[in-house]
Amino acid sequence: MRRITILGATGSIGQNTIDLIARTPDAYEVVALTGGANIARLAQDARALGAQLAVTADPERLSELRDALAGSGVAAAAGPQALIEAASRPADWVMSAIVGAAGLAPGLAALQQGATLALANKETLVCAGALVLETARRHGAQLLPVDSEHSAVFQALIGEDMAAVERVILTASGGAFRDWPLSALQTASLAEASSHPNWDMGQRITIDSASMFNKALELIETKEYFGVDGDRIEVLVHPESLVHALVGFRDGALMAHVGPPDMRHAIGFALHWPERRDLPVERLDLARIGQLNFSAPDDARYPALRLARAVMRRGGLAGAAFNAAKERALDAFIAGRIGFLDMAAVVEAVLDRLEAEPGLIDAAMTLDNVLQTDHLARMRADQVMASRH
Ligand code: NAD
Ligand code: MG
């Protein structure tokens, strides 16, 4: 029996993970499930899977969770510290599927207990790549990518020598506004930004796909996870979302990973690694699909990509600042306080301000410094947004 914990179990990735493990329940012992506001979902899954522990991130909802779990034998807990404790409970495999920088500390705790960490939470590597890799190394823990592009790159690299890698190409659907006139983007509504042409995901990553902040985070994630320089990582717009990534080698060969847009592939790959097992995903009929399209991303449409390249060149704690400013700008867009294009402008202004604060971006990458930079970037984002009105 493999002991499994799912952080962010009630979200899109979490539910897809549960879909896979629920198919062979006897193979898994569920240690902990965590969620946020959706107590009914969390309690129902914890009961159905016989979890030892269920944790909500929201301390105000503890009694609601306790009531929902009454008589089940599942322990209940709440709050950020309880999330870390859940991640610290001995487990063989931990899915990191919290959204945002809130996933960092629990993910580190899972690595510290030596668990294999299946990483959907890309923010973990964006905020603290060097710290996370060092923590995994020190504790002999395996870190596996779950983001579809990074799982694709990982798979294309099996049996290859990193020294033979010339470039990595991440594909991007182009998001909801790929074909919109540039002039219409600023007034794009929340509902319009929240619908993805190909993937069914959480709201925040869906909006980040429309702005390409998602691809921006993934550029940094690629650099951190695979140790490839930013100038050797390319973005290619591919509207069909069937080729997830390509790796270019020194002999000119490109190895592409092709599959349906279904996260259960990348989750299942990480669950069964190093084996490949049957997964309930669609088998592509390429003759029926007929053609695949590719084009270069338009820099004017997607300023987030330019910002990510500056962050990769800068290094240090710039990733933590970038992600936090983006999260805050996204909060404001979701709340209707700023327009769609304002998000990139706010992030750029925050990066400029933090760069001017001596020693900040170059401080040592400890968890405390990362969290402090995250906090400061959110404050600066609020100040930038207040000064724009
Ligand atoms: P989601 O919004 O559907 O789910 C997020 C989960 O995190 C929920 O369980 C929620 O309760 C929990 N959560 C939210 N805020 C929290 C907080 N402050 N503290 C603790 N828990 C909190 O998100 P998702 O789409 O499943 O994405 C999860 C992660 O996986 C993100 O980092 C995302 O970028 C990444 N990812 C998602 C997909 C996808 O297809 N959905 C693909 C690739 C990568
Ligand atoms: Mg992705």
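Atoms within a ligand are numbered from 1 in the order they appear, just like the ligands themselves.
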Quick check: does any side chain N or O of His196 sit under 3.5 Å from a backbone N or O of Trp199, one acting as donor and the other as acceptor?
yes
Nearest neighbour in protein (non-hydrogen) for atom 12 (C) of ligand 1:
Gly8 CA, 4.3 Å
Looking at the Mg ion (ligand 2), which N/O/S atom of Asp147 is the nearest one?
OD1
For atom 11 (O) of ligand 1, what is the nearest protein heavy atom, given as residue, atom name and distance?
Gly36 N, 2.8 Å
Option nearest atom 30 (O) of ligand 1 (shortest heavy-atom distance, choices Gly79, Ser96, Ala120)
Ala120
Atom 15 (N) of ligand 1: nearest protein contact (heavy atom, Å)
Val99 CG1, 4.1 Å
Between Gly100 and ligand 1, is there a nitrogen or oxygen pair with a distance under 3.5 Å?
no
Nitrogen or oxygen of Ile13 less than 3.5 angstrom from that of ligand 1
yes
Could you check atom 3 (O) of ligand 1 against the protein and tell me its nearest heavy-atom contact, residue, atom and distance included?
Ser12 N, 2.9 Å
Gln383 vs Arg353, test: side chain to side chain contact (heavy atoms under 4.5 Å, CB included). Steps then yes/no.
CA-CA 11 Å; Gln383 289 162 356; Arg353 286 194 186 198; 3.8 Å; yes
Might you point out which heavy atoms bring Ala377 and Val350 nearest each other, and give the distance in Å?
O-CG1, 3.8 Å
Taking the Mg ion (ligand 2) as the reference point, name the nearest N/O/S atom of Glu218.
OE2
Give a yes or no on whether Arg23 atom CZ has more than 12 heavy-atom contacts from other residues, nucleotides or ligands under 6.0 Å away.
yes
SB check Arg204 Asp331 (cutoff 4.0 Å)
yes
For Gly35, the ligand 1 atoms whose distance to one of its heavy atoms is below 4.0 Å
11 (O)
On a heavy-atom basis, I'd like to know which of Ala105, Ala102, Gly14 is closest to atom 17 (C) of ligand 1.
Ala102
Checking the N or O distance criterion of under 3.5 Å, is ligand 1 in contact with Ser148?
no
For the student: nearest non-hydrogen atoms of Ala188 and Phe340, plus distance
CB-CB, 4.3 Å
Considering both backbone and side-chain atoms of Trp199, is one of its nitrogen or oxygen atoms within less than 3.5 Å of a nitrogen or oxygen in ligand 1?
no
What atoms in ligand 1 come closer than 4.0 Å to a heavy atom of Ala97?
5 (C), 6 (C), 7 (O), 28 (C)
Does the N or O separation between Gly11 and ligand 1 drop below 3.5 Å for any pair?
yes
Taking 4.0 Å as the limit for heavy-atom contacts, which would you say applies to Met201 with ligand 1: side chain only, backbone only, both, or neither?
both
Decide side chain to side chain contact (heavy atoms under 4.5 Å, CB included) for His238 and His244; before the verdict, give the C-alpha distance in whole Å, the side-chain angles of both, and the deciding distance to 0.1 Å.
CA-CA 9 Å; His238 168 48; His244 301 304; over 6 Å; no
What atoms of ligand 1 come within less than 4.0 Å of a heavy atom belonging to Asn121?
32 (O)
May I ask you to decide whether Asp299 forms a salt bridge with Arg306, counting only side-chain N to carboxylate O separations under 4.0 Å?
no
Among the heavy atoms of Arg204, does any lie under 4.0 Å from an atom of ligand 1?
no
Heavy-atom proximity to atom 10 (C) of ligand 1, best of Asp208, Thr10, Ile39, Ile205
Thr10
Within the side chain of Asn369, is there an N or O that forms a donor-acceptor pair under 3.5 Å with the backbone of Ala364?
yes
If the threshold is 4.0 Å, N to carboxylate O, is there a salt bridge linking Asp229 and Lys223?
no
Would a distance-only check, ignoring hydrogens and angles, find a side-chain to backbone donor-acceptor pair under 3.5 Å from Tyr302 to Ala216?
no
Nearest non-hydrogen protein atom, atom 34 (O) of ligand 1:
Lys122 CE, 3.2 Å
So which heavy atom in the protein is nearest atom 20 (C) of ligand 1, and how far is it from that ligand atom?
Ala57 CB, 3.3 Å
Over 12 foreign heavy atoms within 6.0 Å of CG, Asp251
yes
Atom CG of residue position Asp298 - does it have more than 12 heavy atoms of other residues, nucleotides or ligands inside 6.0 Å?
yes
min-distance N/O/S atom, Glu149 vs the Mg ion (ligand 2), resolves to OE1
Check whether any side-chain N or O of Tyr225 sits under 3.5 Å from a backbone N or O of Leu143 as a donor-acceptor pair, and report yes or no.
yes
Going by the 4.0 angstrom heavy-atom rule, the piece of Asn214 near ligand 1 is neither
Backbone or side chain, does any N or O of Asp147 fall under 3.5 Å from an N or O of ligand 1?
no
What's the spacing between Ser96 OG and Ile6 CD1 if we round to 0.5 Å?
12.0 Å
So, the side chain of Gln142 versus the backbone of Leu117: is there a donor-acceptor pair under 3.5 Å, distance only?
no
Give the residue and atom name of whichever protein heavy atom lies nearest to atom 25 (O) of ligand 1, and the separation in Å to one decimal.
Gly202 N, 2.9 Å
Can you tell me which portion of Glu123 lies within the under-4.0 Å heavy-atom range of ligand 1? Options are side chain, backbone, both, or neither.
side chain
When distances are taken from atom 29 (C) of ligand 1, the protein heavy atom at minimum range is Ile98 O, 3.6 Å
